[in-house]
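Following: one structure in structure tokens, then a few remarks.
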Amino acid sequence: MTRAATLVAPAPRTAGQPSLPRRIVADRNGLIGVVLVGLLVVVAVVSLVHLGQDPLAQNRTGQLAGPSGAHWLGTDQFGRDIAARVAAGVFASLRVALVSVGMATIVGGLLGVLSGFAGGVLDAVVGRCTDVLFAFPATLLALALVAALGHGWFNTAIAIAVVYTPIFVRVARGPVLTVRESEYVKAGRVLGFSRSRLLFRHVLPNVGAPIAVQVALALSWAILTEAGLSFLGLGTQPPSPSLGLMVSDARNFFPDAWWTLLFPALAVVVAVVGLNMVGDGLRNALDPRRS
Amino acid sequence: MTVLRIEDLHTVVRSRGRDLPVVRGVSLDVDAGEIVGLVGESGSGKSFTALSVLGLLPEGARVTSGRILVDGEDLVALRERDRRTRRGSTVAMIYQDPMTALNPLMTVGAQIAEGLRAHGIRGPEAKRRTLAAIEEVGLPKPDRIARSYPHRLSGGQRQRVVIASALALRPRVLIADEPTTALDVTIQQQILALVDELRTEHDLAVLWITHDLGVVARIAARVAVMYAGRVAEQAGTRELFAAPQHPYSAALLASIPSPTDTERGPLPQIGGAPPDLAALPAGCPFEPRCAYREDRCATGEPEPVHRGGSDTACFVPRERWGVRGDAMEEPA
Amino acid sequence: MIEVTDLVRHYRTGDGVVRAVDGVTFSVAEGETLGLVGESGCGKSTTAKLLVALERADGGALSVGGIDVRTARGPHLRQLRRTIQLVFQDPYASLNPRRRIAATLAEVLTVHRLARGGTVAGRVADLLDMVGLPGSVADRYPHQLSGGQRQRVGIARALAVEPRVLVLDEPVSALDVSVRAEVMNLLASLRASLGLTYVFISHDLGMVRHLCDRIAVMYLGKIVETGGWRDVSDEPLHPYTRSLHDAVPVADPAVESGRAHRTLRGEVPDPAAPPSGCRFHPRCPIAEDACRTDEPVLTVRGDRAVACHLV
């Protein structure tokens, strides 16, 4: 269809395009993704107000009980409410993911834009540093960093941020190089626009799209990594609820108590799939050829 | 002898939930050994006409009616498998950008041989014919060229390779989609001369798509001028350039600066823009921009009539154009 | 208005040094239009970039409106920007796709403090009117305009700084045939009404012949022939200009069939390794021994100049 689209002149439209959220939701994948992620956000927010059950409250008499009216998703080996723990775990996952990806986006994006726009020595130095970080397998690097930094959700977030920063450097730098060489930036130079005007008014707005897509994909990867680190006992520490830890514990009980494994695992799957679909929707919504 | 005959071809493109008519009843004949120029601006339907002939329409586009006959066989009625075997062996194509038509990771010789193999020619025979094809398009040292990768060749050499590959299976029809637009004029001249030579030698029927009326004047025996999915006028090249019978062809020709002008006044311009294919006017598609329009032009779409040595889809004969005084809208 | 003396621009590439512009000399008087003609790799586009200081020359002298382009910095550079402007070949690529036309034009005005506050909109409307566009175009995005309209916007943007010189880099090559006449007419009428000086770069001899007062033909980084528009286009002297003249198809079958189609052999050599002597000699139909060893210089013949030993 792209060929047809270029051969047939677009009908002139006076109105601007629909807003970005509308275009994401108009995409089928985007819509499903937004619904899934929205569901998790609601769950995470609910966990903050402790509706009904305390995720840490143990119950010696109701251990490993199946789903019931009192405990919708059953209880674990200490009789704790799984629904409350999954909700708190989702909150913990999202917190690590948002903080880590936030740091990676700001630091990586800035470095990428600056090195792409400035070129020269800065570009070379930043380029070599990202190459070095890329040389390590991502999960191993995160593992090593957490081992070095110590436990706790913030250290986990830093470790994931470090792993993801070079990816944002590359994602930001590529389009900057393209836009920098574009004719409209050249036209701006001939018209006497300053470098900062060209960078902020002309280059940056055209780099936002790939970065936004990468943010959604990075969030899903961060949730997976956080869960993985917790699973290995390197992330969130007991008794704090964590999806990875819950899955890890459930390995011992799941033949008899499937709910201990299913619900935390399902939460991870929903988060990863949902964020990936949001990423797809964003990519389609931001693709000028589809608008 | 007519080799390629297009009869009342209609092609649509699916866009925003509706079918956009991009080719609206095109009829065209190309004889053996003849070059017919297919002229039009972007959106005129010339490329969709060519892609319909090849059966290589993009996703969402389809032929809705009409026949495309090559040596009497209707390609539109064929199943996709049979269609594929005709491609290359019966109908071949050369493109505007030879680089995108060649695989950068394969040697030139391997690519030509691959085309032969797809039609059952293998081994030493394939090799012999590959080298012969390269030699035929005037490239020196065919065996060295055959071992080269496309990026080692110049733009002109690449286009020659694409032509060699297209003609290796001795097709009856060659579709040339602006194959010289991306080339420098001296290289364009070489390619034009080459195709001209090859079509005489092999009695090829060539449909040459271009927006360059100069190229048409140089190589085409006949011309079809397309506008808004229809053939506005079809005639012998000399007839059309000497006395265009359709106001659109006349306006196009007039807008090109003449190489013999001594006074350089403003160029006659057409004004306006081609119609939106999603909202075609009820009458002649050129009527809103036409300097010679009459009342009936706004209500009925003219069918081609034979007039002044040309088939023209216009109600108003050339003799009546003078009534309006100036040939074209004069620029402000 | 423009003085170019022995201009040089070399690029370092993996294959060596590419001599894109290699000793070019020309001048353009105020109100005059010079056509720069040649094939890819001849250096005409590089010359355009040097003229508007998009790139800096490696040698020679270059002044526009009395400003030394090679050393211009700070206020001099600003003055240069307001003296000479560039119109690009592809109007779509040269307009920021995310900005409305009004914003694109207003930005130029505010950066150069040519209008402020309430006067900006009025000036934008003036500019659009000047290039024959309705005021409603101001609210459109580039993708909502036709090719011809976009190129008019490109011209309006260049005119926003009220320049005295426009460098036109293939301004109609990307446009449909029927739109080219409109843009050519617009350029001619703007030249007359604003007293502009043009450098018109094109490979289309017909368009160059239509708009230019003088024509300079370039080959592999050098000017091989220059002179009045009718002399160069109708009675070319240099064998390359003659080949170019023969190669360009004319939209007239009667002319075409009467022409001797002497096809120029070979292709433009690698500019990183130009031929010895006259750079055209490997393709030249009349080359002699001297052409292979001695490089001809541009020699004045009456009111034109040619770089060839044999004419």
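The chains referred to below are lettered A, B, ... by the order of the sequence lines, with proteins before strands, and numbering in each begins at 1. Computed from a prediction, not measured in an experiment: that's the story for all the values here.
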*For C:V111, is it the side chain, the backbone, both, or neither that has a heavy atom closer than 4.5 Å to a heavy atom of chain A?*
side chain
*Can you check whether A:L191 reaches C:R81 side chain to side chain, under 4.5 Å on heavy atoms?*
no
*Enclosure of C:R56 CZ (heavy-atom neighbours >12, cutoff 6.0 Å)*: yes
*Quick one: what part of C:A53 sits under 4.5 Å from any heavy atom of chain A, side chain, backbone, both or neither?*
neither
*State, yes or no, whether a side-chain contact exists between A:H202 and C:R99 at a heavy-atom distance under 4.5 Å.*
yes
*With a 4.5 Å heavy-atom cut-off, do A:K186 and C:F88 have their side chains touching?*
yes
*Taking all non-hydrogen atoms of both residues into account, name the closest pair between A:Y184 and C:P97 and its distance.*
CE2-CD, 3.4 Å
_Between CG on residue C:L86 and CZ on residue A:R189, distance to nearest 0.5 Å_ = 11.5 Å
*Using non-hydrogen atoms and a 4.5 Å limit, figure out which bit of A:R201 sits close to chain C: side chain, backbone, both or neither.*
both
*Top contributor to chain A interface from C:H112, C:R78, C:Q89 [non-hydrogen pairs under 4.5 Å]*: C:H112
*Should we say atom OH of C:Y92 is surrounded by more than 12 heavy atoms from elsewhere, each under 6.0 Å from it?*
yes
*A:V190 and its side-chain contact (heavy atoms from CB on, under 4.5 Å) partner, picked from C:L51, C:I84, C:V52*: C:V52
*asked:* Looking at every heavy atom in both C:R157 and A:A187, which two are closest together, and how far apart are they?
replied: NH2-CB, 3.3 Å
*Inspect the surroundings of CZ in A:R195 and state if more than 12 heavy atoms from other residues, nucleotides or ligands are less than 6.0 Å away.*
no
